[in-house]
Amino acid sequence: MQTVTETINNMNYNSAKMEPMTRDEVLKRLEPISGTKMKAVETTPRTKVSFTPDAIILQPGSGGKLVPISKEGLTSLANYVGVSTQMITRLNDNTASTVLSELLQKKGSYVYHTKDDTVLSFYPDTKRIFVPVDRVVATIEKAVPDAAYIRTMVDENNVVYIEMMGERRAPVNGSLLQNDIIAGGAFVAFSPMGTIKPVVRSYCLRVACTNGMITPVKAFGFEFGGNDGDSVWQWFRDSIRKAYQSVTKIAGDFSAMTAEKIQPSDRAALLESMMHQAGIKDEIADALRAQAIERPPESSWDMTNLISFGTSHLMNDEKPKRLLKAMNSISGYIGGARHNRECPMCHRSGRIVKHEPRSDEVVINPGS
């Protein structure tokens, strides 16, 4: 059996050979957001904003550590409590301190965002779940000790996406390719700033083909439903294990898709409809059309691999929203009813992949 490293080295991932990322490499790549810390605070009469000759200082509440406020942090604070920055700058230091301290105390509770031990912004306390990057990575490795990291992304809403795989494998029976194997893993989405509730989805990579299909699968998806920042870590461990261990069931679904044959006359309509749903266009769409001519997809399994080639090899992970839309669409095709995958009338009328999610499916959307 191939190791994780051998599997990835045999894949033409993003048009280049690559090594799996180590934990240190993941943390380094996510460094711009991994240093972010969010803290929810209950205000007290001791909550105070002080102006000194050298800095603006926040005393969050009773016994809270004193934290310097940056210039952008002061602007955020003024906006949060409902005054203009221009008005604050016209006041003397003592008056500005009194105004901001009293208005902040009236909020009752708030969240402040720091990086490098400096306050950058203030937010209402909406009971968000703040999930630090380093702790998520540590939790992944507790759930799957042999984890290898495939791709990381951060979108404009401060949502972090981590794709990982482990050593677990399962065969796709019925495939025209001999020894068609998929490797199991997990797709994790979360936000250090609490812009989404954490989500875990099952994830698989096709090992035996240079295509190297890489895609999350909606089945075996989990969304954290609590409001307790402590219980989220047990949920993460359990959900990642379940998603990872689902590879055998997913391989069974893929095996069934090998029997869903696509008529030659329907291939072009199906491909165009799927690319439209996935938002795949321009040069990437042209590349998929060329590949379909060279190696015509004969079954739903072949079509899944063809479309996922675009997301795993051709699409730029610097545009997470576009990539995520395409991955969700592919996952919908996998999770859709057989009729939706096979019926040429559905493909031509644009109704493909419009299935209702099952109860065990989770659609991952960027934060808002």
Side-chain angles (χ1 to χ4, degrees), residues 169-184 187 201-221 246-280 285 287-313 325-363:
R169 305 285 189 273
V172 178
N173 299 314
S175 173
L176 296 177
L177 186 68
Q178 190 174 9
N179 296 322
D180 206 346
I181 305 293
I182 61 170
F187 180 92
R201 183 186 286 179
S202 51
Y203 179 85
C204 60
L205 299 90
R206 191 183 190 193
V207 173
C209 179
T210 55
N211 179 329
M213 179 193 76
I214 301 174
T215 184
V217 180
K218 286 181 182 176
F220 303 100
S246 69
V247 63
T248 302
K249 171 64 169 63
I250 294 170
D253 292 343
F254 286 159
S255 297
M257 291 173 69
T258 66
E260 298 174 8
K261 302 304 180 184
I262 301 172
Q263 296 300 315
S265 59
D266 296 328
R267 288 171 187 157
L270 173 55
L271 176 60
E272 293 300 322
S273 179
M274 288 188 67
M275 290 194 298
H276 175 74
Q277 290 289 332
I280 296 174
L288 295 185
R289 293 184 187 106
Q291 185 160 319
I293 293 172
E294 181 181 346
R295 288 183 291 186
E298 298 184 8
S299 67
S300 291
W301 170 238
D302 295 337
M303 186 64 75
T304 299
N305 279 275
L306 174 61
I307 296 295
S308 68
F309 177 79
T311 60
S312 61
H313 294 63
K325 176 184 177 181
M327 294 170 84
N328 271 328
S329 179
I330 295 166
S331 188
Y333 181 70
I334 295 169
R338 177 170 180 163
H339 175 82
N340 263 6
R341 288 198 293 264
E342 290 188 316
C343 177
M345 294 305 296
C346 283
H347 308 328
R348 290 176 184 137
S349 64
R351 289 191 284 118
I352 185 174
V353 200
K354 292 292 188 181
H355 74 291
E356 290 297 320
R358 301 196 309 261
S359 60
D360 61 349
E361 293 182 357
V362 173
V363 176

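FYI, side chains are in, hydrogens and waters are out, and symmetry mates aren't considered; it's all heavy atoms of this structure. Starting from 1, each residue takes its place in the sequence as its number.
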Just how far is it from atom [atom1] of [X] to atom [atom2] of [Y], taken to the nearest 0.5 Å?
| X | Y | atom1 | atom2 | answer |
| --- | --- | --- | --- | --- |
| Ser202 | Ile334 | OG | CD1 | 9.0 Å |
| His276 | Ser329 | NE2 | OG | 10.0 Å |
| Ile280 | Ile330 | CD1 | CD1 | 5.5 Å |

Main-chain N/O of [Y] paired with [X] side-chain donor or acceptor, under 3.5 Å:
| X | Y | value |
| --- | --- | --- |
| Ser255 | Ala251 | yes |
| Thr304 | Ser300 | yes |
| Arg206 | Asp180 | no |
| Ser273 | Leu270 | no |

Task: Heavy-atom pair of closest approach, residues Arg267 and Pro297 - done: NE-O, 3.0 Å

TODO: Write down the atom of Cys204, the atom of Ile250, and the distance for their closest heavy-atom approach.
DONE: SG-CG2, 4.5 Å

Heavy-atom distance under 4.5 Å between the side chains of [X] and [Y], does that happen here?
| X | Y | result |
| --- | --- | --- |
| Leu288 | Leu306 | yes |
| Arg201 | Asn328 | yes |
| Lys325 | Gln277 | no |

Task: Phe254 and Trp301 aromatic ring geometry - parallel, tilted or perpendicular at 30°/60° bounds - done: tilted

TODO: Decide yes or no on side chain to side chain contact (heavy atoms under 4.5 Å, CB included) for Arg169 and Val247, but give the supporting numbers first.
DONE: CA-CA 7 Å; Arg169 305 285 189 273; Val247 63; over 6 Å; no

- [ ] Decide yes or no on side chain to side chain contact (heavy atoms under 4.5 Å, CB included) for Met303 and Met257, but give the supporting numbers first.
- [x] CA-CA 10 Å; Met303 186 64 75; Met257 291 173 69; over 6 Å; no

